There are 2 protein chains.
Amino acid sequence: MPTKRNRRVTISQVAEESGVARATAAFVISGRAEQLRISQQTIKRVQAVAKRLGYIPNQLARGMITGRTQVVGVILGGVWGKFGQYAIEGIREVLDAHGYTPFLTIHSWDEAREAREIDTLLRMRADGVIVMPQITSRKECYEPLFKQHVPVVFFGDVPFDIPEALVAAWDVRPAMRRLLEHLAGRGCRRIGLVGERFFKFSRQRYQVFTETIRELGLEHDPKWDTWAEVGDAEHPEWAQAIAAMPDRPDSIVALNDNSGLQMLDSLRRHGLRVPEDIRVAALGDTIETVEASAQLTAIREPVREIGRAAAALVLEAIRNPELPPTERLIDAADLVVRMSTG
Amino acid sequence: MPTKRNRRVTISQVAEESGVARATAAFVISGRAEQLRISQQTIKRVQAVAKRLGYIPNQLARGMITGRTQVVGVILGGVWGKFGQYAIEGIREVLDAHGYTPFLTIHSWDEAREAREIDTLLRMRADGVIVMPQITSRKECYEPLFKQHVPVVFFGDVPFDIPEALVAAWDVRPAMRRLLEHLAGRGCRRIGLVGERFFKFSRQRYQVFTETIRELGLEHDPKWDTWAEVGDAEHPEWAQAIAAMPDRPDSIVALNDNSGLQMLDSLRRHGLRVPEDIRVAALGDTIETVEASAQLTAIREPVREIGRAAAALVLEAIRNPELPPTERLIDAADLVVRMSTG
DNA sequence: CTGAAAGCGCTTACAG
DNA sequence: CTGAAAGCGCTTACAG
C-alpha cells in the first residue's frame with residue numbers, strides 16, 4: 001500500500017519532534033503560551049520545529065473543537081464594477097484584523113443560486129454571513145441562516161419583509177440634499193423620481209426624497225414618479241408618460257444608478273434631450289454599465305466604509321448572539337457631476 | 001449554565017429520531033444507501049426526519065474523515081471588469097457539477113496578499129487551487145502549495161520560473177492570425193508590438209507573433225517593440241521613441257489589453273493620431289479601464305471556457321495526484337473592431 | 001511544564 | 001440492516 005496521500009504534518013508530530021507534550025505544542029502554536037507559563041526557550045524551540053516541518057494548522061479540526069471556523073461568508077451579486085471590489089476590500093480589512101477569513105460567494109442575481117450559496121455556507125459552518133441581497137429575494141431565502149442562529153448582516157439594503165435585521169447601509173439623507181441642491185443650482189424646480197420598490201431602504205429613500213424636496217422648497221408631484229416593478233428587466237417605455245406630459249418635471253432623481261441609467265436611455269428614446277429638456281441625477285455610482293454611466297451625474301455610495309461597518313457588525317453579532325437588530329448607516333455625499341445634469 | 005450556543009442537529013440525532021443506527025443514517029444522508037441494501041422505506045423515513053429537524057451536514061467533520069473538503073480555492077486578482085465574473089461562472093459551472101465548492105479569494109494585485117490567501121487556503125485544507133497569478137509573483141509564492149501536494153492550476157498564464165505546471169490558458173495562435181489579418185486588411189504592413197515580459201505565455205505569444213508575421217508576409221522590426229519592465233506602473237513615455245522614428249511602424253499589436261490601452265494613451269501624448277498615423281489592436285478584452293477600452297480593437301479572451309478547463313483540470317489533479325504537467329489551451333478569435341483600428 | 005483523556009461530528013470497516 | 005468502535009487533528013480542562 002502506498003502511504004496515505006495528503007498526509008500533513010500534525011501538532012502531535014511537532015510536539016514529538018520538539019520533545020514536549022502535545023498540549024504544550026498546541027498552546028505555543030495557538031499563541032497562548034503564557035497561560036501555561038511555558039518558558040521562552042521552549043516556545044522558540046516549538047516554533048522552530050513547526051516552521052522546519054512546515055506545520056500548517058488544520059482549521060477544520062480547530063473548528064470542530066471550538067465551534068468557530070473563523071470564517072465569515074460574503075455573498076455578493078457578482079464581480080462586476082467597482083462596487084464588489086471596494087466592498088470586499090472594506091470587509092476584508094476588518095475581518096483580517098480580527099483573525100477572520102471572508103468566504104466569498106456570488107449569487108449572480110439569481111435567487112436559486114443565492115439559496116444554494118447560503119446552504120454551502122451553512123455546511124461549511126461559517127460563523128456569520130454578510131449578504132448583498134438579490135433584489136427579488138425575500139425573507140424565506142435567509143430563513144435557514146436565521147434558524148441556525150447564524151448572524152446575517154445585510155449590506156446596502158434589506159428585503160422589505162425583514163423589518164428587523166442587522167444592516168450596514170448608506171445614510172442617503174445628506175446625499176439626497178446634495179443632489180437636490182445641485183439640481184436646484186442648475187435651475188431645476190420640478191423634480192420627478194425613478195426607483196425600485198423591492199427593498200426597504202429604497203422605500204425609505206423615497207421618504208427622504210419628499211422631505212428634502214419640502215425643506216428646499218422644490219416641487220414634486222407623485223405623477224412624475226416611475227417605479228420599477230420587476231428586477232433586472234429593462235424599461236425602455238419608462239419615459240413615455242413623462243414625454244407626453246404638458247407639465248412634465250424638469251429633472252429626475254434616481255434612487256439608484258441602475259434605474260437612472262435606464263431612465264436616461266428611455267428619455268432619449270422618447271425624444272427628450274438630456275440635459276437640455278430634462279436633467280437626471282442618481283444616488284449611487286457603481287458603474288455597472290460603463291459607457292452609459294460615464295454620462296450620469298451621481299453621488300458615490302461609500303461602499304468601502306459600508307463594508308467595514310458590515311464586517312464590524314457581523315463580528316459583534318458573532319461574539320454576542322443577543323445583539324438586537326441594528327442599523328449602521330454611513331453618510332457620504334460625494335457628488336460626481338456628468339453630462340446628465342449639464 | 002446556558003445550553004451551548006450554536007448546537008446544531010447532528011447525524012446521531014437524526015438516527016435516534018428515526019429509530020435507526022447512526023451508520024444507517026449516515027449512509028442515507030450521504031446518498032449511498034444502496035451499498036447497505038437499506039430499504040426504501042427506511043431511506044424515506046430518515047430523509048424526512050433529517051428535513052424536519054433541519055439537519056445540515058457538517059463539512060468540517062466530513063472533511064476530517066475523508067481527507068477531502070470538496071473545496072477548491074480560487075484566487076483572482078480582483079473583481080474588476082467582466083473577466084472575473086466570467087472566469088468564476090465558468091469555474092463554478094464545472095465544480096458544481098462535481099460536488100465541489102469554489103472558495104473565492106482576491107489578491108488585489110499584491111504579492112504579500114497572494115501569499116496570505118494561499119496560506120488561508122492551506123489552513124482550510126482546500127483540495128486544490130486555481131490561481132490567476134499576480135504579475136510579479138514567482139515560484140516561491142506557490143511553493144507552500146507544491147510542498148503540501150495541493151494541486152495548483154494556473155489560469156491564463158504562469159510565472160516564467162515555473163516551467164512545468166497545470167495550466168489552462170488561451171491558445172492565441174488563431175487570435176493572433178485574425179488580429180494581423182485585420183490590420184493587414186486596413187493596409188498595415190509594418191507591425192510593432194507592446195507587452196509585458198513577466199509571464200511565460202507572454203513570451204510564447206511573442207514567438208507566435210513573429211511566426212504569424214512571417215506567414216502573412218508582414219514586416220516586423222524588433223526595434224519597434226516595447227516591453228514593460230514593471231508590473232502595474234503606467235508608461236506615458238512608451239511612444240516617445242516610436243514617435244521619433246523616421247521608419248516607425250504603421251500599427252502596434254498589444255499582447256494584452258492593458259498594455260494596449262497604455263500604448264494608446266502614450267501615442268496620443270506624443271502627438272500621434274490613432275488610427276490615422278498608427279493603429280493599435282490587442283489580444284484580450286477584459287475591459288479593466290472602461291472609457292479607454294471602448295476605443296481599443298481587441299480579441300476577446302475566452303475566459304469562461306478557460307474557467308471550465310481550469311476547473312476540470314484541477315478536479316483531475318485532485319483525483320490523480322500523479323497527473324503530469326498539463327496545458328489546456330482554448331482557442332478563440334472573436335474580434336471586436338473599435339476606433340483604434342479605424 | 002507533562003500526560004492521559006475527553007470530545008467536536010462524522011465516515012467507515014466489521015462482526016453479527 | 002444493527003451496534004460498537006476506531007479515528008480524523010485538534011483544544012482544553014485536569015491531576016500531577
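The chains referred to below are lettered A, B, ... by the order of the sequence lines, with proteins before strands, and numbering in each begins at 1. It should be emphasised that the depicted structure is a prediction, and the values quoted were computed from it without experimental measurement.
The CE atom of M124(B) sits 14 Å away from the P atom of dC10(D) (whole-angstrom rounding). Between the CZ atom of R68(A) and the P atom of dG7(C) there is a distance of 21 Å, given to the nearest Å. Taking atom CZ of R125(B) as the reference point, atom P of dG9(D) lies 9 Å away to the nearest angstrom. The nearest whole Å value for the distance from the CD1 atom in I65(A) to the P atom in dG9(C) is 9 Å. Atoms CG (N58(A)) and C1' (dC8(D)) sit 8 Å apart, rounded to a whole Å. The distance between atom CD1 of I29(B) and atom P of dT11(C), rounded to the nearest whole Å, is 9 Å. Remark: C1' of dC10(C) and CE of M64(B) are 10 Å apart, rounded to the nearest angstrom. The interatomic distance linking R123(B) (CZ) with dC10(D) (C1') rounds to 13 Å, in whole Å.
In this model, a donor atom of one side chain and an acceptor atom of the other lie less than 3.5 Å apart for R92(B) and S108(A). If you check the side chains of E114(A) and Y142(A), you find a donor sitting under 3.5 Å from an acceptor. E16(B) and S18(B) are not linked by any side-chain donor-acceptor pair at a separation below 3.5 angstrom, with hydrogens and angles left out of the test.
Nucleotide dA15(C) has dT2(D) as its partner under the Watson-Crick or G-U criteria, with both atom distances under 3.5 Å.
In this structure, of dC10(C), dT12(C), dC10(D), it is dT12(C) that holds the atom nearest to the side chain of F27(B). For I11(B), whose side chain is taken as the heavy atoms from C-beta onward, the closest listed nucleotide among dT12(C), dG9(D), dC10(C) is dC10(C). The A26(B) side chain lies nearest to dT11(C) when the options are dT11(C), dC8(D), dC10(C).
Between Q40(B) and S30(A), the one whose closest nucleotide on DNA chain D sits nearer the 5' end is Q40(B).
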Can Q40(B) and T42(B) be said to form a side chain to side chain donor-acceptor pair (under 3.5 Å), step by step?
CA-CA 5 Å; Q40(B) 282 301 319; T42(B) 307; over 6 Å; no
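Considering all non-hydrogen atoms of both residues, T69(B) and L60(A) come closest at CG2-CD1, 3.4 Å.
Using a 4.0 Å cut-off between a side-chain N of Lys or Arg and a carboxylate O of Asp or Glu, E89(B) and R113(A) do not qualify as a salt bridge.
When the side-chain nitrogen and oxygen atoms of R62(B) are compared with OP1 and OP2 of dT11(C), one or more of them lie within a distance under 4.0 Å.
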Grab the N/O contacts between the protein and nucleotides 2-5 of chain C below 3.5 Å, and write none if there aren't any.
residue	atom	partner	partner atom	Å
dT2(C)	OP2	A21(A)	N	3.2
dT2(C)	OP2	T24(A)	OG1	2.2

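Taking the six-membered ring where the residue is Trp, the centroids of F160(B) and F201(B) are separated by 6.0 Å or more.
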